[in-house]
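Positions are given from 1 along the sequence. In each ligand, atom 1 is the first atom listed, and ligand 1 is the first ligand listed.
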Amino acid sequence: MKEKLLAIKEKAINTINSAASNEELEEIRVGILGRKGELTGILRSLATLSAEEKTEIGKLSNAIKDEISAAIEQKVNALDEAEINGRLADEWIDVTLDGTFNDETAGSGRIHPISQIQYEIEDIFTSMGFEILDGPEAETEYYNFEALNIPKHHPARDMQDTFWTEDGNLLRTHTSAIQVRGMEKAEPPFRVIGPGRVFRYEATDASHENTFYQVEGMMIDKDISVSNLIYFMKVLLREIFKREVKIRLRPGYFPFVEPGFELDINCLICGGKGCSVCKQTGWVELLPCGLVHPNVLKYGGIDPEKWSGFAFGLGLNRLIMMRYGITDIRHFQSGDIRFLKQF
Ligand code: FA5
């Protein structure tokens with residue numbers, strides 16, 4: 001019995017040492033120490049032995065069991081260590097090396113075309129004495145509508161489909177909300193612009209997005225007239241397009257200006273012939289504007305008897321489309337790197 005046990009041990013140690021994986025070791029363990037294993041079988045047959053032999057063989061087999069278990073554990077550790085060392089050697093990388101750049105997917109980032117032109121417009125206006133204002137994208141009804149002379153139930157609210165929040169606020173539908181906040185803070189005379197993202201609950205097409213950008217502008221001073229307004233609009237367009245562009249001014253209705261205008265530019269995508277961007281009209285609606293309504297001045301805490309002003313709300317996406325010949329407004333938010341790479 002003793003010899004048999006020692007033979008089992010020797011065979012076990014040899015197979016353990018030559019095992020190449022943890023799975024193999026587990027098989028060996030089950031084959032020897034498992035319920036139906038060789039050593040377990042011998043322990044079961046102890047019943048037939050004398051008390052003396054039982055003690056001797058029992059002790060020996062327990063010692064062998066411990067030895068085999070320890071050998072397995074040692075081998076598991078050795079295999080684990082070898083695996084780690086192998087991976088360290090195979091997967092070694094030099095983190096100090098330059099990356100490999102695939103032009104399609106990587107490379108340095110750049111500024112989004114909307115931001116680029118926004119910064120350009122900011123430069124143009126600051127050079128003419130305008131300050132830049134900011135405002136919240138989630139607005140109150142007061143700043144987005146009421147203080148702009150659009151009371152509740154006024155039909156003009158239907159001109160701008162709105163995303164409402166459950167607590168009665170909304171995502172601003174235009175940057176005009178910024179003018180109201182500006183008037184509350186500034187003392188006339190002043191000139192401000194307010195660029196920002198705006199939201200409308202609209203179906204999208206080549207020239208309509210539900211999330212787009214505007215640049216609001218406002219100048220309050222003594223005796224401001226439509227010719228001041230036209231002057232600044234012409235400067236802006238000349239600076240942006242680096243040439244004279246054909247414009248047309250037609251009456252436009254916005255409750256916060258009186259008189260109000262739509263300033264359209266000749267479609268630069270089709271040269272005025274008609275395309276999907278200008279809806280076959282040859283003109284693109286870009287720059288609604290007008291003289292600030294006295295009620296709006298009052299809401300802003302400004303005396304309309306003393307002061308007057310103009311305001312405009314430039315559609316930034318469409319301006320950029322005209323400048324670069326972009327035929328679909330939805331490219332701006334597509335996240336398509338092929339589009340963005342061009343700017
Ligand atoms: C307004 O939002 C007024 N707040 C503008 C204004 C300001 C008038 C100050 C007078 C004085 P309107 O809804 O027309 O107006 O939008 C202004 C410009 O935003 C449009 O001329 C157009 O260029 C752009 N725009 C409007 N709706 C969309 C849209 N869904 N997608 C992309 N651009 C749009």
How far is [atom] from its nearest protein heavy atom, and which residue and atom name does that atom have?
atom: atom 34 (C) of ligand 1; result: Phe212 CE1, 3.2 Å
atom: atom 16 (O) of ligand 1; result: Gln214 NE2, 3.3 Å
atom: atom 5 (C) of ligand 1; result: Pro288 CG, 3.7 Å
atom: atom 31 (N) of ligand 1; result: Glu209 N, 3.0 Å
atom: atom 13 (O) of ligand 1; result: Arg200 NH1, 2.8 Å
atom: atom 15 (O) of ligand 1; result: Phe254 CE2, 3.4 Å

**OP:** With heavy atoms only and a cut-off of under 4.0 Å, state how Ser176 meets ligand 1: side chain, backbone, both or neither.
**Re:**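 The part of Ser176 near ligand 1 is the side chain, not the backbone.
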
Original post:
ligand 1 versus Arg318, non-hydrogen atoms closer than 4.0 Å: side chain, backbone, both, neither?
Top reply: side chain

[X] side chain near [Y] side chain, heavy-atom distance below 4.5 Å:
X: Ser207; Y: Asp205; answer: yes
X: Leu319; Y: Ile121; answer: yes
X: Phe125; Y: Leu236; answer: yes

At the 4.0 Å heavy-atom cut-off, does [X] count as touching ligand 1?
X: Phe256; result: yes
X: Gly217; result: no
X: Gly260; result: no
X: Leu286; result: yes
X: Glu216; result: yes
X: Gln179; result: yes

Subject >> Contact check: His208 vs ligand 1, nitrogen or oxygen atoms, below 3.5 angstrom >> reply: no

Subject >> Glu202 N/O under 3.5 Å from ligand 1 N/O >> reply: yes

With a 4.0 Å cut-off on N to O distance, would you call [X] and [Y] a salt bridge?
X: Asp161; Y: Arg200; answer: no
X: Arg157; Y: Glu141; answer: yes
X: Glu24; Y: Arg29; answer: no
X: Lys2; Y: Glu56; answer: yes
X: Glu131; Y: Arg191; answer: no

**OP:** Quick one: closest heavy-atom pair of Ser225 and Asn228, and the distance?
**Re:** N-OD1, 2.8 Å

Original post:
Heavy atoms only: which of Leu229, Ile329, Val296 is nearest to atom 32 (C) of ligand 1?
Top reply: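 Going through Leu229, Ile329, Val296 one by one, Ile329 has the nearest heavy atom to atom 32 (C) of ligand 1.
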
Using a strict cut-off of 4.0 Å, indicate which atoms of ligand 1 neighbour a heavy atom of [X].
X: Ser207; value: 31 (N), 32 (C)
X: Gln160; value: 1 (C), 2 (O), 13 (O)
X: Glu285; value: 14 (O), 21 (O), 22 (C), 23 (O)

**OP:** Go through the steps to decide whether Lys11 and Glu38 satisfy the test salt bridge (Lys or Arg N to Asp or Glu O under 4.0 Å), and finish with yes or no.
**Re:** CA-CA 11 Å; Lys11 192 179 100 194; Glu38 278 182 85; 3.3 Å; yes

**OP:** May I ask you to establish whether Arg181 and Tyr143 are in a cation-pi arrangement, using a distance under 6.0 Å from NZ or CZ to the six-membered ring centre and at most 45° from the ring axis?
**Re:**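 The answer is yes; both the distance and angle limits are met.
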
Original post:
What orientation do Phe332 and His112 show, parallel under 30°, tilted 30 to 60°, or perpendicular over 60°?
Top reply: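 Rings of Phe332 and His112: tilted, as their planes differ by 30° to 60°.
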
